[in-house]
Amino acid sequence: MRNRDDFVAVVQDRALVWRRIAYLICGDWIRAEDLVQQALLRMYVRWNHIERATVDAYARKVITRLAIDESRRPYRRSEVSGELPEIPVAEVNVADILAVRAALQQVPPRQRAAVVLRYYHGLSVAETAAALGVTQGTVKSQTARGLSTMRAELEDGDVLDPASSESIEVKK
């Protein structure tokens, strides 16, 4: 992948997916857009070294690392985001989705990244480990801790169903 036209085509095709991933990791649409923009800058600089088959993995890794780095900045610790999603999902209880997203925001950044990559994006343990640059055991423990935190945050014993790949749902 060598030229600018290839880069533009890939960005036009995949930018919305990357933005959704960034939103789930950081919980704010504006920050998600910023993360994707920063990732695109980094990708453009390295474009000659990125293979077509690994563009998504590379983008996910950059977005995740940027989000984790940003979450460590002191000025981010005091911000609270109560923004609703732009487009509601059809045939899903919006209150449950908001409850799951609120619970997701209570999960520490590294655990949140593992949960999002595993259950929202549907990556395997090995793929998640590669994207985060950690071992598979770390992915398993981070995911388990993240889900445990989410379960504790959800009221009335609601449990996150990680087997659902269509959408994020809460089972009662």
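Both backbone and side-chain heavy atoms feed into the values below; hydrogens, waters and symmetry mates do not.
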Does any non-hydrogen side-chain atom of Asp6 lie less than 4.5 Å from one of Val10?
no
Shortest non-hydrogen pair, Ala113 vs Ile68, comes out as CB-CD1, 4.4 Å
Minimal heavy-atom distance between Leu154 and Ala99, with the atoms involved, is CD2-O, 3.5 Å
Report task. Verify, without hydrogens or angle tests, whether Ser124 (side chain) and Glu127 (backbone) share a donor-acceptor contact under 3.5 angstrom. Result -> yes
With sequence neighbours left out, the residues meeting side chain to side chain donor-acceptor pair (under 3.5 Å) with Gln106 are none
**Message:** Taking Ile25's backbone N and O only, do any of them form a donor-acceptor pair with Arg112's side chain (distance below 3.5 Å, no angle check)?
**Reply:** yes
Distance-only donor-acceptor hits, side chain of residues 131-139, under 3.5 Å, sequence neighbours excluded:
{"residue": "Thr135", "atom": "OG1", "partner": "Thr138", "partner atom": "N", "Å": "3.2"}
{"residue": "Thr135", "atom": "OG1", "partner": "Thr138", "partner atom": "OG1", "Å": "2.9"}

Rounding to 0.5 Å, atoms NE2 (His121) and OG1 (Thr64) come to a distance of 9.5 Å
* Asked: Any link between Ile50 and Leu41 through a network of hydrophobic side chains (Ile, Leu, Val, Met, Phe, Trp, Tyr) touching at under 4.5 Å?
  -> no
On a heavy-atom basis, the closest approach of Ala32 and Cys26 is N-SG, 3.5 Å
_Evaluation steps, side chain to side chain contact (heavy atoms under 4.5 Å, CB included), between Val55 and Arg14_ = CA-CA 9 Å; Val55 170; Arg14 304 301 297 160; 5.6 Å; no
Between the CZ atom in Arg145 and the CD atom in Gln142, the distance rounded to the nearest 0.5 Å is 6.0 Å
Q.
Checking Arg118 against Thr128 for the side chain to side chain contact (heavy atoms under 4.5 Å, CB included) test, could you report, in this order, the C-alpha distance in whole Å, the side-chain angles of both residues, the deciding distance, and whether it holds?
A. CA-CA 6 Å; Arg118 283 280 293 128; Thr128 303; 3.4 Å; yes
Could you check whether any side-chain heavy atom of Tyr23 comes within less than 4.5 Å of a side-chain heavy atom of Asp28, counting everything from C-beta outward?
no
For Leu24 and Leu104 the tightest heavy-atom approach is O-CD2, 3.3 Å
Quiz prompt | Shared hydrophobic cluster, Tyr58 / Tyr44 (ILVMFWY, side-chain heavy atoms < 4.5 Å) | solution = yes
More than 12 heavy atoms of other residues, nucleotides or ligands under 6.0 Å from CZ of Arg19: is that the case?
yes
Evaluate the criterion side chain to side chain contact (heavy atoms under 4.5 Å, CB included) for residue pair Tyr120 and Val115; output intermediate values, then yes/no.
CA-CA 7 Å; Tyr120 175 77; Val115 168; over 6 Å; no
One should read off an interatomic distance between Tyr119 OH and Met150 CE, to the nearest 0.5 angstrom, of 11.0 Å
What one should report as the nearest heavy-atom pair of Met43 and Ala59 is SD-CB, 3.8 Å
request  = Report the C-alpha distance between Arg4 and Trp47 in whole Å, list the side-chain angles of each, state the deciding distance to 0.1 Å, and finish with yes or no for side chain to side chain contact (heavy atoms under 4.5 Å, CB included).
outcome  = CA-CA 9 Å; Arg4 182 178 178 274; Trp47 193 245; over 6 Å; no
ask   = Heavy atoms, side chains only, cut-off 4.5 Å: are Ile21 and Arg60 in contact?
value = yes
Here the pair of heavy atoms bringing Ala39 nearest to Leu66 is N-CD1, 3.6 Å
